[in-house]
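Heavy atoms only: backbone and side chains are in, while hydrogens, waters and symmetry mates are out.
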2 protein chains.
Amino acid sequence: MAIRKENSTNMQNEKCITEGCDLTYAVCKIGGRWKLLILCKLEEGKLRFGEIKKLIPGVTERMLTLQLRELEKDGLVNRTVYAEVPPRVDYELTVVAKELIPIWSQLSNWGKKHKILMK
Amino acid sequence: MAIRKENSTNMQNEKCITEGCDLTYAVCKIGGRWKLLILCKLEEGKLRFGEIKKLIPGVTERMLTLQLRELEKDGLVNRTVYAEVPPRVDYELTVVAKELIPIWSQLSNWGKKHKILMK
DNA sequence: TATGGTACTAACAAATTTGTAAGTAATGGC
DNA sequence: GCCATTACTTACAAATTTGTTAGTACCATA
């Protein structure tokens with residue numbers, strides 16, 4: 001999010017773990033506070049920045065920007081900028097991200113079940 | 001991990017998101033740095049604290065303890081203490097955690113694929 | 001009596017993530 | 001010229017997670 005220190009133990013550990021464990025790697029990619037929420041909203045199709053914002057009560061513009069940037073960097077979201085004023089930008093899921101959908105729906109079911117169980 | 005402030009915006013946001021989104025909820029449960037690694041090791045069966053430690057190069061005892069405690073609290077791991085000296089404690093996956101296995105194996109495949117794609 | 005083995009805990013420090021508040025750029029319409 | 005609109009950025013602060021180091025308890029064995 002902010003810049004990370006290349007050689008902190010923290011960073012080294014993360015690198016090392018995600019190199020060795022594809023599962024941890026995968027979860028890291030979707031692990032930001034607002035990321036899954038964003039991805040879910042995009043499941044139905046393209047959305048503009050402002051639309052996503054409205055769909056997710058509680059995100060600040062800063063957080064939304066940060067999370068979108070990471071999703072983009074990680075190839076989960078495509079960002080399209082239109083040369084217009086006022087600016088228009090939209091976001092959509094990439095192919096790889098779409099491959100996640102069936103998995104995340106199972107995970108979501110597991111979550112629902114677990115949530116009930118834990119009450 | 002450490003105690004969280006009940007009324008920070010951060011905490012409130014997390015609560016609010018995980019209440020509304022089962023997927024985010026699920027990912028939160030397995031989102032600690034070492035959690036998935038631990039769960040994977042336990043896939044084969046019970047392990048003692050020290051065994052897990054040996055299987056995961058890089059974890060400190062503190063981190064291992066913390067993560068195991070959370071997994072226990074969240075009902076993903078069962079902890080058994082034997083009244084022996086020196087102490088003996090073992091950990092195993094709960095039923096709910098086992099239900100995650102097929103999902104995480106898919107997620108792991110996705111991770112592997114994504115990792116290659118991103119190079 | 002001293003030592004070793006096991007599974008921790010405590011106090012602290014560093015790194016990272018998240019949130020707050022305010023500002024920016026460009027242009028069409030008034 | 002002035003304002004509204006949109007998608008951001010910047011500087012800062014707070015919260016949270018992760019890591020470091022040094023200890024603890026217990027008893028069997030040497």
- Could you tell me the separation between the CZ atom of B:Arg69 and the P atom of D:dT17, rounded to a whole number of Å? 17 Å

- Between C:dT16 and B:Arg33, is there an OP1 or OP2 to side-chain N/O distance shorter than 4.0 Å? no

- Task: Would you mind reading off the distance between A:Leu64 atom CG and C:dT17 atom P, rounded to a whole angstrom?
- Result: 17 Å

- Item | Interatomic distance where CZ belongs to A:Arg62 and C1' belongs to D:dT6 [whole Å] | 19 Å

- Query: Among D:dT18, C:dT17, C:dT20, which is the nearest nucleotide to the side chain of A:Arg4?
  - Reply: C:dT17

- For A:Lys53 and D:dT6, what is the distance between atoms NZ and C1' respectively, to the nearest whole Å? 9 Å

- Item | Residue whose nearest DNA chain D nucleotide is more 5′ - A:Val89 or A:Thr9 | A:Val89

- Query: Which residues in residues 79-87 of chain A have at least one heavy atom lying under 4.0 Å from any atom of DNA chain D?
  - Reply: A:Arg79, A:Pro86, A:Pro87

- Item | Counterpart residues, side-chain hydrogen bond (donor to acceptor under 3.5 Å, both in side chains), relative to B:Lys112 (two or more places apart) | none

- Strand contacts (DNA chain D) in residues 10-32 of chain B, 4.0 angstrom heavy-atom criterion: B:Asn10, B:Met11

Using a 3.5 Å cut-off and no angle test, enumerate the donor-acceptor pairs between side-chain atoms of residues 22-29 of chain B and protein atoms at least two apart in sequence or in another chain.
residue	atom	partner	partner atom	Å
B:Asp22	OD1	A:Lys115	NZ	2.8
B:Tyr25	OH	A:His114	ND1	2.8
B:Lys29	NZ	B:Asp74	OD1	3.3

- Check the side chains of B:Glu72 and B:Asn78 for a donor-acceptor pair under 3.5 angstrom, ignoring hydrogens and angles. no

- For B:Glu43, all residues meeting salt bridge (Lys or Arg N to Asp or Glu O under 4.0 Å), sequence neighbours excluded: none

- Message: Is there a side-chain contact between B:Arg88 and the phosphate of C:dG5, meaning an N or O under 4.0 Å from OP1 or OP2?
- Response: no

- Query: In whole angstrom, what separates B:Glu6's CD from D:dA14's C1'?
  - Reply: 17 Å

- Message: Taking 4.0 Å as the cut-off, does a side-chain nitrogen or oxygen of A:Ser8 come that near to OP1 or OP2 on C:dT16?
- Response: yes

- Note on the structure: d(B:Lys35 NZ, B:Leu37 CG) to nearest 0.5 Å is 13.5 Å

- Item | Phosphate OP1/OP2 of C:dT6: any B:Arg48 side-chain N/O under 4.0 Å | no

Could you list the donor-acceptor pairs under 3.5 angstrom formed between side-chain atoms of residues 44-53 of chain B and any protein atom two or more places apart in sequence or on another chain?
residue	atom	partner	partner atom	Å
B:Arg48	NH2	B:Pro87	O	3.4
B:Glu51	OE1	B:Arg48	N	2.7
B:Lys53	NZ	B:Glu61	OE2	2.8

- Message: Measure CG/A:Leu66 against P/C:dT16 and give the value in whole Å, please.
- Response: 15 Å

- Item | salt bridge (Lys or Arg N to Asp or Glu O under 4.0 Å) contacts touching residues 87-97 of chain A (sequence neighbours left out) | A:Glu84-A:Arg88

- Would you mind reading off the distance between A:Ile3 atom CD1 and D:dT9 atom P, rounded to a whole angstrom? 14 Å

- Distance, rounded to the nearest Å, where A:Glu70 contributes CD and C:dT16 contributes P: 13 Å

- Who pairs with B:Lys98 by side-chain contact (heavy atoms from CB on, under 4.5 Å), at least two apart in sequence or on another chain? B:Leu93, B:Ile101

- Which pairs with one or both residues in residues 11-20 of chain B pass salt bridge (Lys or Arg N to Asp or Glu O under 4.0 Å), sequence neighbours excluded? A:Arg33-B:Glu14, B:Arg4-B:Glu14, B:Glu6-B:Lys15

